[in-house]
J.: 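Pasting a structure below so you can have a look.
Counting starts at 1 for both ligands and their atoms, in listed order.
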Amino acid sequence: MVDLAYVIAGSEATGGAGIQADLRTFQELGAFGLGTMTCIVSFDPADDWNHRFFPVPAEIIAQQMEAATTAYELDVVKIGMLGTPATIDVVAEGLRRQPWRHVVLDPVLICKGQEPGAALDTDTALREQVLPLATVVTPNLFETKTLSGMDTIETVEQLTEAARRIQALGPRAVVAKGGVELPGDDAVDVLLDGDEVTVLATPKVGNERVAGAGCTLAAAIAAELAKGREVRDAVTRAKEFVTAGIEGRVSGKAPFTVVRQGA
Ligand code: PXL
């Protein structure tokens, strides 16, 4: 039997983040991956690598989901960048058509180059339509503040409180990621699974964000869940996988480094 892992996410044309990172992660972790593309992001080297954003039309997203879910018996899905309220509508509708053992949501709210106003719409639509369907959600510090409504998060206690507030919106488990942005020497993430709190801390690898880390973490959680692990084991293994990928990161000619899955 093959462990199938499905991703619904955007393409990022340099391959560091988005569906390219997700599929590499699935492959490295031994899951058979397939994906539905929601949008195409092409950084602009002539404009400080800002994001150019093209949404895939809603009906084409629906067609991709129809093909994938008809071809295979899928029960674990990772959701990455959706980007617009129209995309969120069509993805939520597609997800509601069948039961899922796990829906892992990386709640990507805004990408550079999108209008700030769009983040509010995206936030509302994600909160109302996709969060209630998620079993595991993996917000970074900005997304944790936005979804919990907490302006200040500087300690593990505050991160845990924010995770509780996000859990109240629907998902069984919340991985609130402090990453390099929470003060201190460690990259700290808090897993709240039901009532159980697990603090995951590893020494920070530098103080810069590495592209693709969020995508890779959520994809690794999905791959491990697809292989049958429980949530806590899947998250612990995923954090090890992303930490190794950050240590072995790739540099190219762009002014950012990128996670190397499987390093
Ligand atoms: O890392 C967030 C992210 C997710 N998905 C796509 C992206 C980005 C950031 O650039 O472009 C498609």
J.: Taking only heavy atoms of G10 into account, list the atoms of ligand 1 that are under 4.0 Å away from them.
T.: 12 (C)
J.: Is the closest heavy-atom distance from G214 to ligand 1 below 4.0 Å?
T.: no
J.: Going by distance alone, is a donor N or O of one side chain under 3.5 Å from an acceptor N or O of the other, for Q20 and S11?
T.: yes
J.: Taking the ring of F256 and the ring of F43, is the distance between their centroids below 6.0 Å?
T.: yes
J.: Go through ligand 1 atom by atom and flag the ones less than 4.0 Å from a non-hydrogen atom of C215.
T.: 1 (O), 4 (C)
J.: Under 4.0 Å between a side-chain nitrogen and a carboxylate oxygen: does that hold for E224 and K227?
T.: yes
J.: For H51, counting its heavy atoms only, list the atoms of ligand 1 lying under 4.0 Å from any of them.
T.: 9 (C), 10 (O)
J.: Does A9 come within less than 4.0 Å of ligand 1, judged by its heavy atoms?
T.: no
J.: Which heavy atom of the protein is the closest neighbour of atom 11 (O) of ligand 1, given with residue, atom name and distance?
T.: E12 CG, 3.3 Å
J.: CE of M81 to CZ of F53: how many Å apart, nearest 0.5 Å?
T.: 4.5 Å
J.: As an exercise, state the distance from CG of L159 to CG of D189, rounded to the nearest 0.5 Å.
T.: 7.5 Å
J.: To the nearest 0.1 Å, how far is atom 6 (C) of ligand 1 from its closest protein heavy atom, and which atom is that?
T.: M81 SD, 3.6 Å
J.: Among side-chain atoms of Q261 and T216, is any donor-acceptor pair under 3.5 angstrom?
T.: yes
J.: Atom 8 (C) of ligand 1: which of A218, G212, A17, G83 has the nearest heavy atom?
T.: A17
J.: About how many Å separate CZ of R24 and CD1 of I19, when rounded to the nearest 0.5 Å?
T.: 12.0 Å
J.: Give the atom numbers and elements of ligand 1 that come within less than 4.0 Å of a heavy atom of F43.
T.: 10 (O)
